[in-house]
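Remarks on the structure that follows.
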Amino acid sequence: MWYYICLMKRIYFDHASTTPVDPRVLEAMRPYFSELFGNPSSVLIEEGAEPRKALDEARLKVGRLLNAEADEIIFTASATESNNLAIKGLALANRNRGNRILFSDIEHYSVMNQADFLKSLGFEVDYVRVDPYGLVDMEDLERKAKPGTLLVSVMMANLEIGTIEPIREIGLLLKSRGILLHSDGAGACGQIPVDVRDLPVDSMTVSAHQFYGPKGAAALYLKKGVPLRPVMQGGYQEMGYRAGTENVPAIVGLGEASRIAAEEMALRVENLTALGRRLWGGIEKEIDYLHFTGHPTRRLPGHVSFWIEFVEGESLLLWLNLNGIASVSGSACASNVLAADETGLKASHVLTAVGVPPEICHGSIAFSLGPENTEAEVDFTLSTLPEIVGKLREMSPLYRKTLL
Amino acid sequence: MWYYICLMKRIYFDHASTTPVDPRVLEAMRPYFSELFGNPSSVLIEEGAEPRKALDEARLKVGRLLNAEADEIIFTASATESNNLAIKGLALANRNRGNRILFSDIEHYSVMNQADFLKSLGFEVDYVRVDPYGLVDMEDLERKAKPGTLLVSVMMANLEIGTIEPIREIGLLLKSRGILLHSDGAGACGQIPVDVRDLPVDSMTVSAHQFYGPKGAAALYLKKGVPLRPVMQGGYQEMGYRAGTENVPAIVGLGEASRIAAEEMALRVENLTALGRRLWGGIEKEIDYLHFTGHPTRRLPGHVSFWIEFVEGESLLLWLNLNGIASVSGSACASNVLAADETGLKASHVLTAVGVPPEICHGSIAFSLGPENTEAEVDFTLSTLPEIVGKLREMSPLYRKTLL
Amino acid sequence: MAQGPYSEKVMDHFMHPRNMGEIEDPSGVGEVGNPACGDVMRLYLKIENDTIIDAKFKTFGCGAAIASSSMTTELIKGKSIDEALAISNEAVAEALGGLPPAKQHCSVLAEEALQAALEDYKKKQQEGK
Amino acid sequence: MAQGPYSEKVMDHFMHPRNMGEIEDPSGVGEVGNPACGDVMRLYLKIENDTIIDAKFKTFGCGAAIASSSMTTELIKGKSIDEALAISNEAVAEALGGLPPAKQHCSVLAEEALQAALEDYKKKQQEGK
Ligand SMILES: Cc1ncc(COP(=O)(O)O)c(C=O)c1O
Ligand SMILES: Cc1ncc(COP(=O)(O)O)c(C=O)c1O
C-alpha cells in the first residue's frame, strides 16, 4: 500500500533525525575504505601514515568549526557516546568538586537516561526547569546550582522544539561558581555558529550525521586542562580518552562536513531562516487550534514545530508521509513503535516540560528543513496539511465543529 | 626518505591490525550514505524503512556467520566497545552470581584495561595463566574459577602470537560451575569457523575491520536469556542494549563481510594455512637464533610470529617497511611510539605471559597474511629477511659471531 | 519497497477507514480511552433483533487505533451480540495482519469499546423495559 | 607522501648509520643500556691531543636509538673533550630534526654513552700515568 508514494519526489523535512551524506563528504571518505585503509596507530609502517595524517587534518577541521584547538577534539562514534563520555567522564574525574549533577528538563535521552547509572555510582541528579519556550529557567538554575554541584548539562539546541539555549549566560553563571558545564551540541554544531572560546563550556558534543557527515562519527570538544576519565578502556587512542581503532573514513567525513559547514553556514542559515518563516507563517494562517512549540525567534533556522488540537501525532505523521513529506512526531505512540511493549509509550518529556498537557501533546510534529529544501516544497506542504488535519479531525470523537 | 618505497607494490602482512574493505562490501554499503540515509528508528516514514530492513538483514548475516539467532546480535561501533559492553554489562547485571572476574593473561588491552574500572565498581579481578604456547592453563583456571566467580574472559585467538584458545573446553568447565564466559573473537570471527551453538560462550565479540568489513562496525553476540546491562545510555536502539543512531552503512558492511566470510572461509583457511606454512618453514630455515611464538598448529591460518635474538623489533619492523613489507612488532618501543611519554613503553604483556624474557622480547614480529597475499610475496619476504637480520645484528653490541 | 512497522491491512484501514462516522439515535455507544497513549475511541452500534445491523466509529489515535476501530466495525456488522462479544482483541489484530507489540493495546481498546457499546445497549434495553 | 613519526634526518641516519662499527684499541669505550626499552648502546672513541679524532658505535635498539648513536658520533668527531661534554641530548635530538616525545630517552642514552666513554678515557689516562 505504501509503494505508490515512491513515484513522487520525497520532501525531506526531518533533518533533525539525520541528514544524507554530502557527496563532497563521501568523496573525501572514499579512499580510506579500501586503499588508505591502514590502522592509524601503525605509525611505523607506510600504511599507517596517510590515515594518521587524515585523522590529524580532520581534527583541525572540526576544531576550526568550533574555534577550538585540534587537541581539544576527541573523536567518538556517536553523539550518544560523546554525551556518555562527557557526563560520566567529567563526573568521575571531578568528584572533588562535588556530587551533584544537574540536567535541564529537556535534555536528549542520551543525557537523561544516564541518571540511574550516575546514581548507582553515588551521584545525585537533579533537573532544571525550562520556561514555556523551552529556555532554561535561570532562576531555577541559580537555585539548584548550589554548593556541591559539580556538573550541569544543558543542550545547545533542542531538536524537538527548536529552541536554542542561552549557553553563554548559563556558562558564565556556572563558571562563577566553579561548576563544570557540558553542552550537547548535536544538531546545533554545524548548523549554527558555535564558538567554544566565547561560550564558557567545558565540553561540547558534535554529531556528524546531523550536518551532512556520516553516521558513526561524532566528537567531543574537551576544554584544555579539564580532567576527564575515559569510560571505555582499551588501547591508547584519542590521547587516551577514547579507546578503539579509529573509524578513519567516518572521521574524515566528519572533518570534511565541518569544513563545508564552516564555509557555507552563513548562507545556509539565511536561506533556512527564510524557508522556516514561510512555513511557520503559512501554517499559522492555515490551521486553527494550532500551537507552535519552542521559542519563536531563538530557534534553529528552518525548524518549525507545533501541536494541533484534536489531531493525533502519529496519524498526522503517517498521512504526511503518504503525501511524500517526511517529518517527526513527539507523539508517544510515534516515538517508539518498535519497542518490545507499551511501557515505552510515554508522552515526550520535552513537550511536557514546556507545559504541553500530556493528554493533548500527541499532536506534536516537527519539520526540520535543510539546504536542499525549496519554497515549492514548503508550499506543497502548506497546501496538503489543512486537508490532512481536516480528515483527522473529522474522525476524532473529541472534535465538534459546532464548539469551535 | 620514505618515498622511494612508493614505487613498489606493498606486501601487506599486517591483517591482524586491520584489513582493507572488500570492494563487494563497499558496494553494499554505498547506497546507505546519501540515498537510503534515513534513520532506522524513523519507522513511520518511508526514509526509515529501507535502512531498518538493511539492519535486519545485516543482523541475520552476522547471526549466520556465528550460527546465532539474529536477535542475539547487538551492533556496536568497535571491538573495544563490544568488549567493554560485554564485560561491564555482564558484571553489572549478574552481581548475584559473584564478585570475581577472571581475565586470561593475554587478553587485548580492551579487556585488560577494564580492570581498574571494574575494581572501582567493587569487583575483584584476577588473571589466569597461559602456557608457553599461549594456551590457557586449565589447571590454573580450575583453581581460580572458585565459588564467587561470576565471569571469565578468554579471547578466541590472540593476534600477537596467533594461538587459538580452547574455548569449548573452557566453556564446559565454567558452565559446570555456573560461571559466565565472554570471548573476544576480534580477529577470529570471520577468519576461522566459530559456532556459538557449539561453544559454551555467553557473549562473543566480532570485529568487522579485521575481516574485510569497515571500521566503525562490530557486534556482540549475546546468548538469549543472559542478562546484560547497557553501559552507554540513551535511545532505545539495539533492543535496549546499545543506544545511539545505528551506523547503517557500516553495519551493512559488517553484514556483507560476514556473508562473504561464511561463504569463502573454507577456501581462505586452506590457502592461508599453506602460505603460512611456507613462510614459517622458510624463516625457520633462514634465520638462526629465532624463536617462534604461539602454538605451532593451533593457530590462526596465515599467522607467523617470532622473535629474533640480537635484533630489536622496531628496527626490524622499520627495515621490513622500507623493503615494502608491512608487519607489526610487539616490541615495547614500537608499540606506542606516539605516546605522550615513555611510560607507555613496556614490553608486551602477551609476550611476557608466554615466557619471553622482557629484556630480549624486543625482537618480536608478527606477520598476518590475508587472502590477497601470494607465494611470491612470501618468497620475497624470505629473501629479504636474512639480509635485514644480518645488518641489524652487525650493529648490535650484544652479538658476537664467534659466540654463535 | 520496504514496509513500515504496520502491515498492508493496517495501512489500508488507516488510509481508507471503513464505517467512520456517527449513527444518529444508536442502539448503543461505547467510548473508551487510554490516557497513557492518548487514544480515544467511540463506537456506535445499531442493533435489531439481537443483530448488529450497523456500526460506526470515531477515533482519536494512532494508525493502529484507527485501523483497529475500522476493522472492529467490519468484523461485527451482521453478527449477533453473542458472536460480537466473542470477538477478542487478538481476533482484531489477526484480521489486521498483526500489530507491532507496542501497539497491541490498540486492539484491546477496540475490544473494550465494543464491550462498552454492548453494555450501553443492554443498559438502554433494561431502562427501556 | 606522508611521514612516519620520525623526521627525515632520523630515517636517514637509521638507514645509513654513520660510523657504525668498532675501533680497535680505543681510547675510551662507553656502554649504557635502558632495561625498560631494551636498548643497548656502545660508543668507541679515539682521542688524540684532547681531540676526538674518531668515533664509532654499536647499538641494539629502535630507530631513534640507532639514529641518535649515529648522529652523536657525527657531532663529536673533531671536537675537543670539553666541547663533546657540552653536547646535550637536546642537541642530538635537535640535530636529528626532533624525536617523538616517547623517544626522547634515546637521545639521553646517547648522551650517557658519550659521557661513559669519556669517563672511561679519563680513567684509562689516569691509570696510564
Ligand atoms: C583481540 C582483539 N580484541 C579487541 C581489539 C580492539 O579492536 P578495535 O581497536 O577495533 O576496537 C583488537 C584490536 O586489535 C584485538 O586484536
Ligand atoms: C540533541 C541530541 N543529542 C544526542 C543525540 C544522539 O545522537 P545519536 O543517536 O546519533 O547518538 C540526538 C539524536 O537525535 C540529539 O538530537
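- Considering only heavy atoms from C-beta on, D/Tyr6 comes within 4.5 Å of B/Leu318 through its side chain.
- For residues 24-33 of chain D, the pairs satisfying side chain to side chain donor-acceptor pair (under 3.5 Å) are D/Glu31-D/Arg42, with sequence neighbours left out.
- Using a 4.5 Å heavy-atom threshold, the side chains of D/Pro17 and B/Met395 count as touching.
- Annotation for B/Leu322 and D/Phe14: closest pair CD1-CE2, 4.1 Å, computed over non-hydrogen atoms.
- Residue B/Glu312 comes nearest to D/Phe60 through the heavy atom pair N-CE1, 3.4 Å, listed as atom of the first residue, atom of the second, then distance.
- Most heavy-atom pairs under 4.5 Å with chain B: of the set D/Ser69, D/Gly21, D/Gly61, this distinction falls to D/Gly61.
- The 12-atom threshold is exceeded at OH of B/Tyr127, counting heavy atoms of other residues, nucleotides or ligands nearer than 6.0 Å.
- Around atom NZ of D/Lys123, no more than 12 heavy atoms belonging to other residues, nucleotides or ligands sit under 6.0 Å away.
- Under the 3.5 Å distance criterion, the side-chain polar atoms of B/Glu314 are matched with a main-chain donor or acceptor of D/Gly63.
- Side-chain atoms of B/Ser315 and D/Ile66, non-hydrogen and from C-beta on, do get closer than 4.5 Å to each other.
- Other residues, nucleotides and ligands place more than 12 heavy atoms under 6.0 Å from the CD atom of D/Glu22.
- Residue D/Ala64 touches chain B through its backbone alone, counting heavy-atom pairs closer than 4.5 Å.
- When all heavy atoms are compared, the tightest approach of D/Lys58 to B/Glu394 is NZ-O, 2.9 Å.
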